[in-house]
Chemist: 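After the structure tokens below, expect a handful of questions from me.
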Amino acid sequence: MEKQNNSNAAVFHFDLFGKRDDKYNFLSENNVGNIPWNELNPDDQNAFLVPKDFNQESEYNNGFKIVDLMPLKSSGIKTHDDANFVSNSRQDLKKNIDKLNEIFDPKKVYNYSYRPFDNGYIYYDTKLLGRAREKTIYHLKKENIAIILVAQPQAANLTFFDCLFLTNSMCDTNMYRRGGPSAFPLYSYTNNDTDDELKLISDRSPNLNIEIISTFASTLNLRFTNEKEETPGTFAPIDILDYIYAVLHSPSYRAKYKEFLKIDFPRVPYPENAEQFWALVKLGGELRQLHLLESPKVNDYITQYPVAGDNVVEKLKYEAGRVYINDTQYFDNVPEVAWNFYIGGYQPAQKWLKDRKGRTLSFDDILHYQRVIVALSETD
């Protein structure tokens, strides 16, 4: 086809699935001229070279962008040496720092979200870490909570959006299988790292766009407060976060807007009314507490760990509801949905154990894993 001056080239697409031999046979029996191509019409902004269904675009665009609502964000930390700077044990961190011939400072040890449901500690020394993100990450060194998202999530299972979690501490750049997540903190702090300030909330303000919040307030006929109050007729930043967290977990939302969720940070629809808003806030709050393992539900174990032994994680195997960590020991009554559940391209129930291969599970480790199974089951 001859290209006209000042016009875009015509773009055609055809999918060919199957085994290698079938593909070879197809190609040998066909040529460019007789393949049933589908002509695409990529726009100048995105120029996708595969078919996309954007029929819901106008409706989707009526929502607000997360990046507009929460303008401050921070990339995850990249240590360049996780083995020495990240650990489940404060004592091991000290040994690692001593081994590096550095002077250990206990004030530089912080809670750390390493992977979904895999929390430990980081030795946060900006002079030693590869990319400490010190200009933005300090907001998460204090009392805070953040939604973790990826601009263009390419998870292991591309049939659904799963790059969604949260943290109440600093997080790792490989929090998800596709690196480079951004943490959107609920509050921003003045850059003051004195010990006395770490636990105070008086120096923080909501990391929220006032125009978007005003639209919420007008739609809901509620008054916004910077901190959560029991005063009737008010809503607070944590309510906004819980509302968003519920919407982004909605299977219908994920299915309806799946093409858009692959492209950029998500947009979220405004609530239709106060009743819908508070219903979703309740659900989002339950999910938040589950994922931070703060919900009382996570202590109602649905699994057992019935066989005594050395508790060393060796070869993993899932069989008939049992997660074997070695030849004789296992977690019993693990729902298959929890075992296979995806967050950020990882399957936390599997990865948490794989990352501990060769290690001995402590009593607290065994309880933690059972809490994770409850959280994953309840999320589903």
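Atom set for the values below is all heavy atoms of this structure, side chains included, hydrogens, waters and symmetry mates excluded.
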Chemist: Answer yes or no: is there a side-chain heavy-atom contact under 4.5 Å between Leu361 and Gln329?
Modeler: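 When only atoms from C-beta onward are counted, Gln329 and Leu361 do not touch, as no gap falls below 4.5 Å.
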Chemist: Give a yes or no answer on whether the side chain of Thr234 reaches the backbone of Glu230 with a donor-acceptor pair at less than 3.5 Å.
Modeler: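 It does not hold such a pair.
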Chemist: Which pair of non-hydrogen atoms, one from Cys163 and one from Leu149, has the smallest distance, and what is that distance?
Modeler: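 Minimum heavy-atom contact is O-CD2, 3.7 Å.
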Chemist: Could you give the distance from CG (Asn119) to SG (Cys171), rounded to the nearest 0.5 Å?
Modeler: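 Reported value, rounded in 0.5 Å steps: 10.5 Å.
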Chemist: Tell me if the centroids of the rings in Phe26 and Phe14 come within less than 6.0 Å of each other.
Modeler: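 Under 6.0 Å, so yes.
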Chemist: Linking Ile, Leu, Val, Met, Phe, Trp and Tyr by side-chain heavy atoms under 4.5 Å, what else ends up with Tyr24?
Modeler: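 Members alongside Tyr24: none; it stands by itself.
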Chemist: If you look at every heavy atom in Tyr123 and Leu93, which pair is closest and at what distance?
Modeler: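 Nearest heavy atoms, Tyr123 then Leu93: N-CD1, 4.0 Å.
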Chemist: Quick one: which residue pairs count as a side-chain hydrogen bond (donor to acceptor under 3.5 Å, both in side chains) with a foot in residues 356-366, not counting sequence neighbours?
Modeler: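 Passing the test, one end in residues 356-366: Asp118-Arg356, Ser362-Asp365.
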Chemist: Between Tyr176 (side chain only) and Ile148 (backbone N and O only), is there a donor and an acceptor less than 3.5 Å apart?
Modeler: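 Looks like yes, one N/O pair under 3.5 Å.
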Chemist: When rounded to the nearest 0.5 angstrom, what is the spacing between CD1 in Ile103 and CG in Asp98?
Modeler: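 It is 10.0 Å, given to the nearest 0.5 Å.
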Chemist: Is it the case that atom CG in Asp327 sees more than 12 heavy atoms from other parts of the structure closer than 6.0 Å?
Modeler: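 It does not: Asp327 CG has 12 such atoms or fewer within range.
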Chemist: Fit a plane to each ring of His291 and His249, take the angle between them on a 0 to 90° scale, and name the class: parallel (under 30°), tilted (30 to 60°) or perpendicular (over 60°).
Modeler: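 It falls in the tilted class, 30° to 60°.
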Chemist: How long is the span from the CE atom in Met170 to the CE atom in Met175, to the nearest 0.5 Å?
Modeler: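 So the gap between those two atoms works out to 13.0 Å.
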Chemist: Between Phe277 and Tyr243, is the gap from one ring center to the other below 6.0 Å?
Modeler: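 When the ring centroids of Phe277 and Tyr243 are compared, they turn out to be within the sub-6.0 Å range.
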Chemist: Is the distance between the ring centroids of Phe341 and Phe117 less than 6.0 Å?
Modeler: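 Centroid distance Phe341-Phe117: not below 6.0 Å, so no.
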Chemist: Let me confirm one number: the CD1-CG distance from Ile97 to Asp105, rounded to the nearest 0.5 Å.
Modeler: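 Ile97 CD1 to Asp105 CG: 10.5 Å, rounded to 0.5 Å.
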Chemist: Please verify the inter-ring angle class for Tyr110 with Tyr124; under 30° counts as parallel, over 60° as perpendicular, anything in between as tilted.
Modeler: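 Rings of Tyr110 and Tyr124: perpendicular, as their planes differ by over 60°.
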Chemist: Quick check: closest heavy atoms across Val247 and Pro269, and the distance to 0.1 Å?
Modeler: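 It is CG1-CD, 3.9 Å.
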Chemist: Where does the angle between the aromatic ring planes of Tyr114 and Tyr112 fall among parallel (under 30°), tilted (30 to 60°) and perpendicular (over 60°)?
Modeler: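 Rings of Tyr114 and Tyr112: tilted, as their planes differ by 30° to 60°.
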Chemist: If you define the side chain from C-beta out and look only at heavy atoms, does anything of Ser205 sit under 4.5 Å from Tyr187?
Modeler: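 No, side chains not in contact.
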Chemist: Rounded to the nearest 0.5 Å, what separates atom NZ in Lys73 from atom CD1 in Ile66?
Modeler: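 Rounded to the nearest 0.5 Å, the NZ-CD1 separation comes to 12.0 Å.
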Chemist: Identify which one of Thr303, Asn299, Asp300 satisfies the side-chain hydrogen bond (donor to acceptor under 3.5 Å, both in side chains) criterion when paired with Arg371.
Modeler: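 For Arg371, the side-chain hydrogen bond (donor to acceptor under 3.5 Å, both in side chains) check succeeds only for Asn299.
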Chemist: Taking all non-hydrogen atoms of both residues into account, name the closest pair between Ala146 and Leu140 and its distance.
Modeler: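 Closest approach of Ala146 to Leu140: CB-CD2, 3.8 Å.
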Chemist: I'd like to know if Trp352 and Tyr301 are part of one continuous hydrophobic network [Ile/Leu/Val/Met/Phe/Trp/Tyr, side-chain heavy atoms within less than 4.5 Å].
Modeler: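 No, Tyr301 and Trp352 fall in different hydrophobic clusters.
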Chemist: Ignoring hydrogens and geometry beyond distance, is a side-chain donor-acceptor pair present between Ser87 and Ser89 at under 3.5 Å?
Modeler: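 Side-chain D/A pair, Ser87 to Ser89: absent.
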Chemist: Relative to the ring of Tyr257, is the ring of Tyr60 parallel (under 30°), tilted (30 to 60°) or perpendicular (over 60°)?
Modeler: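 Tyr60 vs Tyr257 ring planes: tilted.
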Chemist: Check step by step if ring pair (Phe, Tyr, Trp, His ring centres under 6.0 Å) holds for Tyr305 and Tyr369.
Modeler: CA-CA 10 Å; Tyr305 188 71; Tyr369 187 76; 9.2 Å; no
